Amino acid sequence: MLKIHTSLTKCKQNFVPLTPNKVTLSVCGMTVYDYCHLGHARVMIVFDMVVRWFRVSGFDVTYVRNITDIDDKIIKRAQENNETIEILTARFIRAMDEDAASLGVLPPSYEPRATQYVEKMISMIQVLMDKDIAYAASNGDVYYAVSRFPGYGKLSGKVSADLYAGERVTVDPYKKDPLDFVLWKAVKSNEPCWTAPWGKGRPGWHIECSAMCEHYLGNHFDIHGGGQDLQFPHHENEIAQSEAAHDAPFVNYWMHNGFVRIDNEKMSKSLDNFFTVREVLACYQPEVVRFFILRAHYRSPLNYSDGHLEDARHSLDRLYTALKGSVEIAKKTLDWNDPHAKRFMEAMDDDFNTPEAIAVLFDLANETNKTGMRKGAILLKSLGGVLGLLQQDPQQYFQNKVVIGDSSFTTEHIEQLIQHRIAARETGNYTKADHIRKELLDAGITLEDSPQGTTWRRG
RNA sequence: GGCGGGGUGGCAGAGUGGUUAUGCAGCGGCCUGCAAAGCCGUGUACGGCGGUUCGAUUCCGCCCUUCGCCUCCA
């Protein structure tokens with residue numbers, strides 16, 4: 001039985017879907033005004049893993065990962081670049097999809113954009129106004145009156161009385177209560193806007209998720225996820241909006257993944273300590289990045305450094321080494337009664353414990369190396385596939401690694417040197433043979449002699 | 001200030017009231033012309049102080065420390 005940790009109760013609970021064998025899942029995607037950084041990559045990879053596991057477990061998953069394509073930062077960036085927000089956001093949506101694809105992240109069922117659902121947001125805001133939960137201020141903004149929603153704070157554990165709003169930011173004078181948040185921003189000059197019954201403007205951030213969730217998943221769905229930093233206020237506000245508008249519960253399980261850190265600090269745009277996915281992929285294979293992220297539990301903080309990625313690469317090498325020579329693995333259905341598979345399943349069912357699941361992979365690799373049995377390699381590849389790993393041809397994995405230093409060693413050149421070395425060895429000229437090997441090693445290429453011949457790999 | 005999550009062997013990172021996590025790195029051995037890979041062997045790790053217990057890294061309390069949220073943020 002699958003257990004999921006939900007932020008609502010801060011403990012693991014048995015997963016019981018609203019509809020048998022179906023999962024409705026929404027994850028807050030990104031605001032598209034720049035390239036994805038590793039923090040975004042973590043969200044995408046983690047929930048991709050979650051979706052894959054649900055599917056393997058026999059669930060029919062509807063996965064919505066929405067895109068924020070209208071907000072202050074987007075408007076600002078478009079103005080700086082002297083381009084329209086449509087052109088700006090289209091570019092970064094494309095970049096995001098490319099990054100996701102290279103990291104082995106399967107496309108979500110739906111990837112809606114906020115600007116396509118403004119009508120829906122307007123009608124939702126209208127419902128809240130009709131219920132006297134939202135109010136229009138004299139400046140044209142529309143706010144949500146937090147005091148009108150009794151459940152406010154149930155997700156984040158923040159009690160209204162403790163939220164001394166105004167302690168750290170200047171209070172918006174148009175709010176009736178400092179805790180109130182904006183649903184609709186009145187239009188300012190030169191900004192894109194939509195027409196609403198109470199005036200022109202654009203939606204606030206939180207309402208878009210409530211609207212898109214309602215559209216794709218209904219008033220009440222199974223799981224909502226995102227980065228830890230969205231728990232408050234974003235998700236708390238979503239609950240307030242949706243539950244007040246629908247008079248129904250919103251989400252049963254809230255999943256929040258931990259941050260990626262640099263030097264023990266949260267990776268973020270404001271701290272300017274982030275690495276984009278593209279920067280990292282210039283030096284490491286995408287699968288190494290995916291492996292690096294999955295080898296930590298999704299709720300734990302994950303420190304990023306070159307050293308850690310290097311470490312992950314060596315670990316992944318070990319797994320692929322065990323797969324060598326087993327390229328022609330037939331597509332077989334997984335035997336979940338196998339002790340290793342069973343252990344893997346138990347780990348995954350325990351709140352998606354991928355570190356433990358990956359430990360099973362290493363045990364399997366060891367057994368495969370020891371016995372030389374193809375059965376182990378087949379299972380290893382199959383279980384790896386459940387996590388979106390180990391699906392490359394091993395030779396390709398070892399030979400197509402990202403070349404950082406000397407790229408003058410082409411495959412032909414390498415093969416040629418290997419032939420020279422073989423000739424030298426046959427005549428007992430080990431000095432020459434070792435010299436060639438050293439030359440290749442200095443270029444980052446390792447040779448491996450075996451009774452079957454000489455093979456090479458990068459790294 | 002309020003609230004919340006952490007502190008595990010050289011590094012990364014799971015887990016558990018008593019018995020090997022796992023990986024990387026290191027050391028010794030086997031294999032090899034020598035290597036590499038692999039295999040075998042190898043490390044008195046659980047922040048501090050009390051408490052509960054036959055027994056705690058694991059439960060409880062306090063302390064230290066660290067990170068995060070409370071403002072945009074995945």
Side-chain angles (χ1 to χ4, degrees), chain A residues 7 10 27-31 33-34 36-47 65 68 71-73 76 153 156-159 161-170 179 205 225-234 236 256-261 264-271 274 291-292 295-297 299-303 305 307-319 321-322 324 343 347 350 353-363 365-366 368-372 398 425 428-431 433-434 437-438 441 445-451 454-457:
Chain A
S7 308
K10 293 182 179 60
V27 172
C28 292
M30 64 176 297
T31 304
Y33 68 103
D34 209 339
C36 291
H37 64 227
L38 280 177
H40 301 115
R42 190 175 191 188
V43 180
M44 292 197 286
I45 291 170
V46 160
F47 286 100
R65 190 183 64 204
T68 301
D71 95 316
D72 292 350
K73 290 189 293 287
K76 184 163 170 268
S156 59
K158 295 190 189 299
V159 182
D162 292 338
L163 283 167
Y164 277 91
E167 200 169 77
R168 294 180 52 185
V169 267
T170 39
L179 295 182
W205 175 36
Q228 236 163 32
D229 45 2
L230 297 185
Q231 194 170 328
F232 188 89
H234 185 55
E236 193 70 64
H256 293 103
N257 66 273
F259 299 128
V260 176
R261 295 179 180 177
N264 252 19
E265 267 187 327
K266 176 186 174 184
M267 176 184 287
S268 72
K269 301 253 169 149
S270 42
L271 287 169
F274 61 91
F291 178 80
F292 168 70
R295 109 229 259 219
H297 185 84
R299 282 188 282 113
S300 304
L302 178 60
N303 255 88
S305 75
H308 295 159
L309 225 49
E310 200 61 39
D311 180 286
R313 205 198 82 196
H314 286 300
S315 296
L316 189 58
D317 281 357
R318 179 169 166 79
L319 257 20
T321 300
K324 271 185 178 173
R343 202 147 71 79
D350 183 16
N353 191 343
T354 52
E356 178 65 27
I358 286 173
V360 175
L361 262 33
F362 282 101
D363 288 345
N366 176 258
T368 303
N369 290 334
K370 219 178 339 194
T371 61
F398 284 113
R425 291 181 76 204
N429 188 348
Y430 291 118
T431 312
D434 290 352
R437 186 170 62 194
K438 180 72 168 47
L441 190 62
I445 292 144
T446 306
L447 297 190
E448 297 181 342
D449 297 326
S450 81
T454 299
T455 58
W456 63 275
R457 63 183 163 87

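Predicted, not measured: the structure shown is a model, and the values here were computed from it. Sequence lines set the chain letters: A, B, ... in the order given, protein chains first and strands last, and positions in each chain run from 1.
B/G68 and B/U57: their P atoms are spaced 30 Å apart (whole Å). Only the P atoms considered, B/C11 is 33 Å distant from B/G2, to the nearest whole Å. Spacing of P atoms, B/A25 relative to B/U66, comes out at 32 Å, to the nearest Å. Separating the P atom of B/C3 from that of B/C63 is a span of 13 Å, rounded to the nearest Å. Using C1' as the reference atom, B/G51 and B/C70 are 35 Å apart when rounded to the nearest Å. Comparing B/G50 with B/C40, their P atoms sit 42 Å apart, to the nearest whole Å. Here the separation of B/A45 from B/G13, taken at their C1' atoms, is 12 Å to the nearest Å. The separation of B/C46 from B/G9, taken at their C1' atoms, amounts to 8 Å, rounded to a whole angstrom.
In this structure, CG of A/Asp317 is placed 14 Å from C1' of B/A25, rounded to the nearest angstrom. For the pair A/Phe232 CZ and B/G5 P, the computed distance is 17 Å after rounding to whole Å. A straight line from CG of A/Leu179 to C1' of B/G2 spans 13 Å, rounded to a whole angstrom. One can place CD of A/Gln228 at 18 Å from P of B/C3, the figure rounded to the nearest angstrom. Atom-to-atom, CG of A/Asn353 to P of B/G13 comes out at 14 Å; the value is rounded to the nearest Å. Between the CG atom of A/Leu447 and the C1' atom of B/C34 there is a distance of 13 Å, given to the nearest Å. A straight line from NZ of A/Lys73 to P of B/C72 spans 8 Å, rounded to a whole angstrom. Between A/Glu448 atom CD and B/G38 atom C1' there is a gap of 9 Å when expressed in whole angstrom units.
Nearest heavy atoms, A/Met267 versus A/Gly39: SD-N, 3.9 Å. Between A/Phe292 and A/Ala312, the shortest heavy-atom distance links the atoms CB-CB, 4.0 Å. What you find for A/Cys28 and A/His234 is that their closest heavy atoms are SG-NE2, 3.6 Å.
When distances are taken from the side chain of A/Arg261 to each of B/G13, B/C72, B/G5, the shortest belongs to B/G5. In this structure, the nucleotide among B/U22, B/A74, B/C72 sitting nearest to the side chain of A/Asn257 is B/A74. Between B/G4, B/A14, B/A74, one nucleotide has an atom nearer to the side chain of A/His297 than all others, and that is B/A14. Checking B/A74, B/C73, B/G5 against the side-chain heavy atoms of A/Lys10 singles out B/G5 as nearest. Here the nucleotide nearest the side chain of A/Ser270, chosen from B/C73, B/C3, B/A74, is B/C73. Closest to the side chain of A/Ser315, out of B/A21, B/G23, B/G15, is B/G23.
Taking the charged nitrogens against the carboxylate oxygens, A/Lys73 and A/Asp34 have no contact shorter than 4.0 Å, which rules out a salt bridge. In this structure, A/Arg437 does not pair ionically with A/Glu448, as no charged nitrogen and carboxylate oxygen lie closer than 4.0 Å. Checked for salt-bridge contact, A/Asp311 and A/Arg295 meet the test: a charged N lies under 4.0 Å from a carboxylate O.
Across all strands shown, A/Lys266 has heavy atoms under 4.0 Å from base atoms, whether or not it also approaches the sugar-phosphate. Residue A/Ser450 is classed as having no contact, given no heavy-atom separation below 4.0 Å to the nucleic acid. Looking at heavy-atom distances under 4.0 Å, A/Met267 makes contact with a base. In this structure, A/Val260 reaches the bases: a heavy-atom distance under 4.0 Å links it to at least one base atom across the strands shown. Backbone-only contact: A/Gly29 has heavy atoms under 4.0 Å from sugar-phosphate atoms and none from a base. Among the protein residues, A/Asp363 comes within range of the sugar-phosphate backbone only, with heavy atoms under 4.0 Å from sugar or phosphate atoms but none that close to a base. Within 4.0 Å of A/Thr446, counting heavy atoms only, lie sugar-phosphate atoms of the nucleic acid but no base atom.
Regarding contacts with the backbone of B/C73, every side-chain N or O of A/Thr31 stays at 4.0 angstrom or more from both OP1 and OP2. One finds a side-chain N or O of A/Asn369 lying less than 4.0 angstrom from the OP1 or OP2 phosphate oxygen of B/C39. Put simply, A/His40 has a side-chain N or O that comes within less than 4.0 Å of OP1 or OP2 on B/A74. Residue A/Lys76 places none of its side-chain N or O atoms closer than 4.0 Å to OP1 or OP2 of B/C72. Considering only side-chain N and O atoms, A/Lys370 lies under 4.0 angstrom from the phosphate OP1 or OP2 of B/C40. At B/A36, none of the side-chain N or O atoms of A/Arg318 fall inside 4.0 Å of OP1 or OP2 (strictly under the cut-off). A sub-4.0 Å separation between OP1 or OP2 of B/A21 and a side-chain N or O of A/Arg343 is absent. Put simply, A/Trp456 has no side-chain N or O that comes within less than 4.0 Å of OP1 or OP2 on B/A36. Remark: A/Asn366 is in phosphate contact with B/C40, judged by side-chain N or O atoms under 4.0 Å from OP1 or OP2.
Judged by the 6.0 Å distance and 45° axis criteria, A/Lys269 is positioned over the aromatic ring of A/Tyr33. Remark: A/Lys324 qualifies as a cation-pi partner of A/Phe398 under the 6.0 Å distance and 45° angle criteria applied to the six-membered ring.
Checking A/His40, A/His37, A/Arg42 one by one against A/Val260, the side-chain contact (heavy atoms from CB on, under 4.5 Å) holds for a single residue, A/Arg42.
Taking for each of A/Glu265 and A/Cys28 the nucleotide of RNA chain B with the nearest heavy atom, the 5'-most of the two is the partner of A/Glu265.
By the side-chain hydrogen bond (donor to acceptor under 3.5 Å, both in side chains) test, A/Asp72 is found to be paired with A/Lys185, A/Arg202, residues two or more places apart in sequence or in another chain being considered.
Pairing partner, B/C31: none, since no Watson-Crick or wobble contact has both distances short of 3.5 Å. The partner of B/G1 is B/C70, by the rule that a Watson-Crick or G-U pair needs both atom distances under 3.5 Å. As the counterpart of B/G26, B/U42 is assigned, both hydrogen-bonding distances of the Watson-Crick or G-U wobble pattern falling under 3.5 Å.
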Review item, nucleotides 6-12 of chain B N/O atoms under 3.5 Å of protein N/O:
residue : atom : partner  : partner atom : Å
B/A12   : O2'  : A/Arg295 : NH1          : 3.2

Any protein N or O atoms within reach of nucleotides 27-33 of chain B? Criterion: under 3.5 Å, listing atom names and distances.
residue : atom : partner  : partner atom : Å
B/G33   : N7   : A/Arg425 : NH2          : 3.1
B/G33   : O6   : A/Arg421 : NH2          : 3.4
B/G33   : O6   : A/Arg425 : NE           : 3.1
B/G33   : N1   : A/Asp434 : OD1          : 3.0
B/G33   : N2   : A/Asp434 : OD1          : 3.4
B/G33   : N2   : A/Asp434 : OD2          : 2.6

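A side-chain N or O of A/Glu236 and one of A/Ser156 form a donor-acceptor pair less than 3.5 Å apart. In the model, A/Thr31 has no side-chain atom that pairs as donor or acceptor with a side-chain atom of A/Asp71 under 3.5 Å.
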